[in-house]
Asks: 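Here you go, one structure.
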Protein chains: 4
Amino acid sequence: MSKSEQKLTKKQIAIIEAATELFAEKGFSATSTSEIAQKAEAAEGTIFKHFKSKKGLLMSVVSPITVEFYGPMIKKDLDKVFDKEFEYYQDFIRAMIENRKIFIQNNLPVLRILIQEIPFHPELKEQFIEQVGKDIIERIRGIIRFYQEKGQMVDIHTDTIIRTVASTILSYIVARYVLIPEARWDTEEIETERIIQLLENGLSKKK
Amino acid sequence: MSKSEQKLTKKQIAIIEAATELFAEKGFSATSTSEIAQKAEAAEGTIFKHFKSKKGLLMSVVSPITVEFYGPMIKKDLDKVFDKEFEYYQDFIRAMIENRKIFIQNNLPVLRILIQEIPFHPELKEQFIEQVGKDIIERIRGIIRFYQEKGQMVDIHTDTIIRTVASTILSYIVARYVLIPEARWDTEEIETERIIQLLENGLSKKK
Amino acid sequence: MSKSEQKLTKKQIAIIEAATELFAEKGFSATSTSEIAQKAEAAEGTIFKHFKSKKGLLMSVVSPITVEFYGPMIKKDLDKVFDKEFEYYQDFIRAMIENRKIFIQNNLPVLRILIQEIPFHPELKEQFIEQVGKDIIERIRGIIRFYQEKGQMVDIHTDTIIRTVASTILSYIVARYVLIPEARWDTEEIETERIIQLLENGLSKKK
Amino acid sequence: MSKSEQKLTKKQIAIIEAATELFAEKGFSATSTSEIAQKAEAAEGTIFKHFKSKKGLLMSVVSPITVEFYGPMIKKDLDKVFDKEFEYYQDFIRAMIENRKIFIQNNLPVLRILIQEIPFHPELKEQFIEQVGKDIIERIRGIIRFYQEKGQMVDIHTDTIIRTVASTILSYIVARYVLIPEARWDTEEIETERIIQLLENGLSKKK
DNA sequence: AATGAATGAGCTTTCATTCAT
DNA sequence: TATGAATGAAAGCTCATTCAT
């Protein structure tokens, strides 16, 4: 679909898909390139022809998501926020979660890999921050300030709010999809509402 | 100090310490036994004399924490609730965080390893759950219900509350100590208060 | 210029030139075909279209020299020797060195490859001997005998003399251009004179 | 015998011997570590335990010779010159060749490797020069000057003389043992005399 | 209890070569 | 003629593990 994928051969796509599955399942270090080759029905040499190294393959697995995750977000959703100017920040958060939910569900394996491997590969974090940081963080800061000035949100440091919201959402994803998927979970909708409710009352300025 | 450590020789302790540092830094799979031996200034064979296998070493690194983490918790804090020392659940949570804070800070590497490796080693999770589940979860459920009946907490499923509290705390630890330690963080005290405030208003039943 | 090069395409020439440089610099075995392709700005497949195998490429790199080295020599220079009939053998040797000097300097990389690889590729030696042996050696033997009969040269076995002259010259080339190029060398002219002087007095029959 | 060899295990010695044979026969790059392991009846891992890398093995194969070759030379032969045991430089050269002949014959494979690989491994040359250069070259210079002042040798630059002698001897060894061993060679004694005769008359100052 | 030499399976990576386009 | 994706064998090297000392 995206430009970067157009030039990939069938074998390359098969390799990336196999690697994604295996990295998510067993972890990057515990996955061997021969396993990947086997699963992708490709020769081991083919992997290194195209991705140079195992780490290069990891980057190719993980890179698109950092682009795609924020790419559409900027152009469609964030603009929508400014256009629509949600009256309550809760609606803004709900819209964001709603919008990214499908994406997250479709890309869960890659997100798992990203979360697992970030502590061990500084480049991953840097690449992620570079993609996100430059544009998004700044715009989100603006939005948060907008709601703070409206008197809806507490007056603590903007970045702390962003961190709190982000880590609350992330912790739900990690708990549900990585750590304890076997626990009894409610439907996505209910859990989402619960998160929003938690954030809502916790961060709201009370009159 | 603890019983399990009394019988360990100096070399065994050195090996466990070296393994802890390396597993935390590079991940279990990406750490080699020879590296561990070198860092511990022990022979490669010595590791296998005592820990049988690399995975056995992982268990020896991680096991004590599952015991030590919950041991003190049961005897002191949980009982205090029923002694009515904490009228409000916020105080109970604050006390628990306070109490475990030092322990967490002292054992951060092992906790990192535990969080990182749980998805790949079912035994780890089982062992963890066995330690916690049998005794603690049941008692905590009782405590939550205690505050629910008192009309202090929302009437959602008890386990969901536990999960929310746990993952909120966990996500703070991971964010601060694993993912983005370089961000500007306030003092532990302030951050703790913020977490409690978030949980407090989010979970309180409003009159 | 030569017949054998007339039919070569630009790509083929580029490949041979790249291979020559790399074989000389790193050795035949330590050079990979992909490196050659890259340096020649050709596709990997192109090499094998034209040269069948890596060894075939080596032969194509080295072959022309065995032909060219002796081809022109036979027809022009060696005949000149018989025509002119140098009075002293020193002049014959000097003429030969003088004449081949430019060629050697122009083809040093290929000569390096030839010297380096001969011990490992019997075919190279055989090809070399076939080119040289059949015609030249026999003619040179005649010339040496001519000077021996004239009473100018020592009466040891003709081939030993050839070998001595050849290896003296060769050892100078190897020392100057392969082993210790960084040593302080005099000009080619002076070094040449020194070689001739060494051979002259060493091989001359004293009255 | 030597100190450095005392600590080597049987397997290590077997590996060095196998490597020596194979490097000499097929060249360093064209020899695989698995071949070496097979010939040495050792596991491939054992090679890398002790020699770290294939290149490390090459150094271990070649290193001792640079030490052993020059060690005895200093103490015995060079001193004799100043003890006036050699009135003529021819006798000095003859003694040196004589003395090193057995060593050379015993260590021919390693010498072959050294000569073959020096152009591709700068460290080899540096190590060689370090061993020789510091002590020996300076002493040999003194000796040459000694015979020059005695009026026995030509007055060209001392280093040029050294180079000429060295490369004459080397070229004989290479020709006889590396390039064309199948040619009809006289006995070592006769060939040695021929070399000396070549050098003698070529370098002697004529009255 | 502790060592470290030895192992061989398996790792990531490179190689010369083939073939459809 | 020229390409470059694809191959699989083999390369150099690392690994967890064993065992005689």
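Naming convention: chains lettered A, B, ... in sequence-line order (proteins, then strands); numbering from 1 in each chain.
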Asks: Give the rounded distance in Å between these two atoms: CZ of D:F51 and P of F:dT14.
Replies: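 So the CZ-P distance, D:F51 to F:dT14, works out to 15 Å.
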
Asks: Please determine whether a side-chain nitrogen or oxygen atom of D:T9 lies at a distance below 4.0 Å from atom OP1 or OP2 of E:dA6.
Replies: yes

Asks: Can you measure from CD (D:E25) to CD (D:E35) and round to the nearest 0.5 angstrom?
Replies: 8.5 Å

Asks: Please tell me if C:H50 has a side-chain N or O lying less than 4.0 Å from either OP1 or OP2 of F:dA2.
Replies: yes

Asks: A:K54 side chain N/O closer than 4.0 Å to the phosphate oxygens (OP1, OP2) of E:dT12?
Replies: yes

Asks: Counting only Watson-Crick pairs (N1-N3 plus N6-O4 or O6-N4) and G-U wobbles (N1-O2, O6-N3), all under 3.5 Å, who is the partner of E:dA6?
Replies: F:dT17

Asks: Starting from the 5' end of DNA chain F, give me the residue, C:Q12 or A:I47, whose nearest nucleotide shows up first.
Replies: C:Q12

Asks: Return the value, rounded to whole Å, for the distance between atom CD of C:E44 and atom P of F:dA2.
Replies: 16 Å

Asks: B:V62 and side chain to side chain contact (heavy atoms under 4.5 Å, CB included): which single residue from B:V110, B:T20, B:L57 fits?
Replies: B:V110

Asks: Just the rounded figure in Å: distance from C1' of E:dT13 to CD1 of A:I36.
Replies: 13 Å

Asks: Taking OP1 and OP2 of F:dA5, is either one under 4.0 Å from a side-chain nitrogen or oxygen of A:T46?
Replies: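 False: A:T46 side-chain N/O out of range (4.0 Å or more) of F:dA5 OP1/OP2.
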
Asks: Would you mind telling me which of E:dA5, E:dG8, F:dT3 lies closest to the side-chain atoms of D:A43?
Replies: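 When the side chain of D:A43 is considered, E:dG8 is the closest of E:dA5, E:dG8, F:dT3.
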
Asks: What integer distance in Å separates C:E41:CD from F:dT1:P?
Replies: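 To the nearest whole Å, that distance equals 20 Å.
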
Asks: It should be established whether A:S34 places a side-chain nitrogen or oxygen under 4.0 Å from OP1 or OP2 of nucleotide E:dC11.
Replies: yes

Asks: Are there more than 12 heavy atoms of other residues, nucleotides or ligands under 6.0 Å from atom CD of C:E123?
Replies: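 Correct, the count exceeds 12.
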
Asks: Applying a 4.0 Å non-hydrogen cut-off, can you work out what C:S29 is touching in the nucleic acid: base, sugar-phosphate, or nothing?
Replies: nothing

Asks: If you draw a 6.0 Å radius around NZ in A:K55, do more than 12 non-hydrogen atoms from other residues or ligands fall strictly inside?
Replies: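 Atom NZ in A:K55 is packed in, count exceeds 12.
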
Asks: How many whole angstroms separate atom CD of A:Q38 from atom P of E:dG10?
Replies: 12 Å

Asks: OP1 or OP2 of F:dA5 versus the side-chain N and O atoms of A:K10: is any pair under 4.0 Å?
Replies: no

Asks: To the nearest Å, how far apart are D:L8 CG and E:dG4 P?
Replies: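 Rounded to whole Å, this separation is 16 Å.
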
Asks: Identify whether any heavy atom of A:A42 sits under 4.0 Å from a base atom; if not, whether one sits that close to sugar-phosphate; answer base, sugar-phosphate or nothing.
Replies: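 A:A42: backbone/sugar contact only, no base atoms under 4.0 Å.
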
Asks: Any side-chain N or O of D:S32 below 4.0 angstrom from OP1/OP2 of F:dA11?
Replies: yes

Asks: Can you measure from CD1 (D:I15) to CD (D:Q12) and round to the nearest 0.5 angstrom?
Replies: 7.0 Å

Asks: Considering only F:dT14, F:dT17, F:dA2, which nucleotide approaches the side chain of D:F48 most closely?
Replies: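 Ranking F:dT14, F:dT17, F:dA2 by closest atom to the D:F48 side chain puts F:dT14 first.
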
Asks: Just how far, in rounded Å, is P of E:dA6 from CD1 of D:I15?
Replies: 7 Å

Asks: Please give, in whole Å, the distance from F:dC19 C1' to D:K11 NZ?
Replies: 13 Å

Asks: May I ask you to verify if any side-chain N or O of B:T33 is less than 4.0 angstrom from the OP1 or OP2 atom of F:dA16?
Replies: yes

Asks: Between F:dT14 and D:K49, is there an OP1 or OP2 to side-chain N/O distance shorter than 4.0 Å?
Replies: no

Asks: Calculate, to the nearest 0.5 Å, the distance between atoms CE and NZ belonging to C:M59 and C:K54 respectively.
Replies: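 So the CE of C:M59 and the NZ of C:K54 are separated by 14.5 Å.
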
